[in-house]
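What's counted below: heavy atoms across the whole structure, side chains too, no hydrogens, waters or symmetry copies. Residue numbering restarts at 1 for every chain, and letters A, B, ... go by the order of the sequence lines.
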Protein chains: 2
Amino acid sequence: MANPAQLTTVMKTLADPTRRALFERIAREGEVAATGLVKGSKVSQPAISQHLKALRDAGLVTERREGRHVHYRVASKALEPLADWLDHYRAFWRERLGRLEMLLKETQR
Amino acid sequence: MANPAQLTTVMKTLADPTRRALFERIAREGEVAATGLVKGSKVSQPAISQHLKALRDAGLVTERREGRHVHYRVASKALEPLADWLDHYRAFWRERLGRLEMLLKETQR
DNA sequence: ACAACATATAAGCATTTACTTATGTTTCTT
DNA sequence: AAGAAACATAAGTAAATGCTTATATGTTGT
């Protein structure tokens, strides 16, 4: 169901610590302008701008222009590809571990 | 709770498509020798070996040597850092969306 | 002991990435 | 209209990444 290419993009985008920190700040603050993100960051304004573009392209954040400010917020379905992938493997393992446990109990008695 | 550095490592490791595919194959097959992974892969044996090292270093797989074969399997807590991080943000959003809904209902009446 | 097999390591290379500084572009303020 | 503010884009660069071929290391069967 989840497009593998999209999953790759999401993972690659969030794998970078500074970019992920940016994403987390946007999530925490609800809605932030780019300037707000530049302040309190160690990297330059262009770096922030480039990271925001990456987050946008990955579908992780949405932007809302208001005058000369651009406000960012987390996209509602941002982490869905990641969550889907994880849930798939979690379910898979529950099943696998379930079978393993049953096997162990049978061999033990 | 989840170490950010470890999360970064896990994400970076799984972000690469061929490496993730390798991980998924190990998960599906339960336990595979490296040779088994080389077969049916488009990259060379050393490439596989390097990817396996990366997966090992990230704590995503464990190895079990048996003669000249090395069998790989998914580590039981492999995806815990990722899952923890995701759950944290999921909970966070439920709360945020919950508040938003309450706010909307209040302003509507 | 020796050849074949399974895997790891080394070295090299092209591409990608995460920055930087410099410069646009648009919008607000005065 | 002019300057400042908020952002984006361009160009350059050092480091990281994912591969390759060649070679080493360890193990098994004959």
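- Going from atom NE2 of B:His69 over to atom P of D:dG26 covers 17 Å, rounded to whole Å.
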Notebook entry, point to check: Which parts of nucleotides 16-22 of chain C does protein reach within less than 4.0 Å, heavy atoms only, written one letter per nucleotide 5' to 3' as B for base, S for sugar-phosphate only and - for none?
Noted result: -SSBBBB

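- Checked against side-chain hydrogen bond (donor to acceptor under 3.5 Å, both in side chains), A:Thr8 has the following partners two or more places apart in sequence or in another chain: B:Arg20.
- Between the P atom of C:dA6 and the CG atom of B:Leu37 lies a distance of 13 Å, rounded to the nearest Å.
- A:Arg25 is linked by a salt bridge (Lys or Arg N to Asp or Glu O under 4.0 Å) to A:Glu29, counting only residues two or more places apart in sequence or in another chain.
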Check: When every nucleotide of nucleotides 24-30 of chain C is labelled 5' to 3' by its protein contacts under 4.0 Å (heavy atoms), B for base, S for sugar-phosphate only, - for none, what sequence of letters results?
Finding: ---BBS-

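- For B:His88, the side chain to side chain contact (heavy atoms under 4.5 Å, CB included) test picks out no residue, with sequence neighbours left out.
- Checked against side-chain hydrogen bond (donor to acceptor under 3.5 Å, both in side chains), B:Arg56 has the following partners two or more places apart in sequence or in another chain: B:Tyr72.
- Between the P atom of D:dA6 and the CD atom of A:Glu63 lies a distance of 17 Å, rounded to the nearest Å.
- Judged as a side-chain hydrogen bond (donor to acceptor under 3.5 Å, both in side chains), and not counting sequence neighbours, the contacts of A:Glu24 are B:Trp85.
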Enumerate, atom names and distances included, each donor-acceptor pair closer than 3.5 Å involving a side-chain atom of residues 36-45 of chain B, sequence neighbours excluded.
unit_1	atom_1	unit_2	atom_2	d
B:Ser41	OG	B:Val43	N	3.3
B:Ser44	OG	B:Ala47	N	3.4

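- Taking every heavy atom of both residues into account, B:Pro81 and B:Gln6 meet most closely at CG-NE2, 3.9 Å.
- Whole-Å rounding puts the A:Leu52 CG to D:dA8 C1' distance at 11 Å.
- Look at CG on B:Asp57: it is 10 Å from P on C:dT9, rounded to the nearest Å.
- With sequence neighbours excluded, no residue satisfies side chain to side chain contact (heavy atoms under 4.5 Å, CB included) with B:Ala21.
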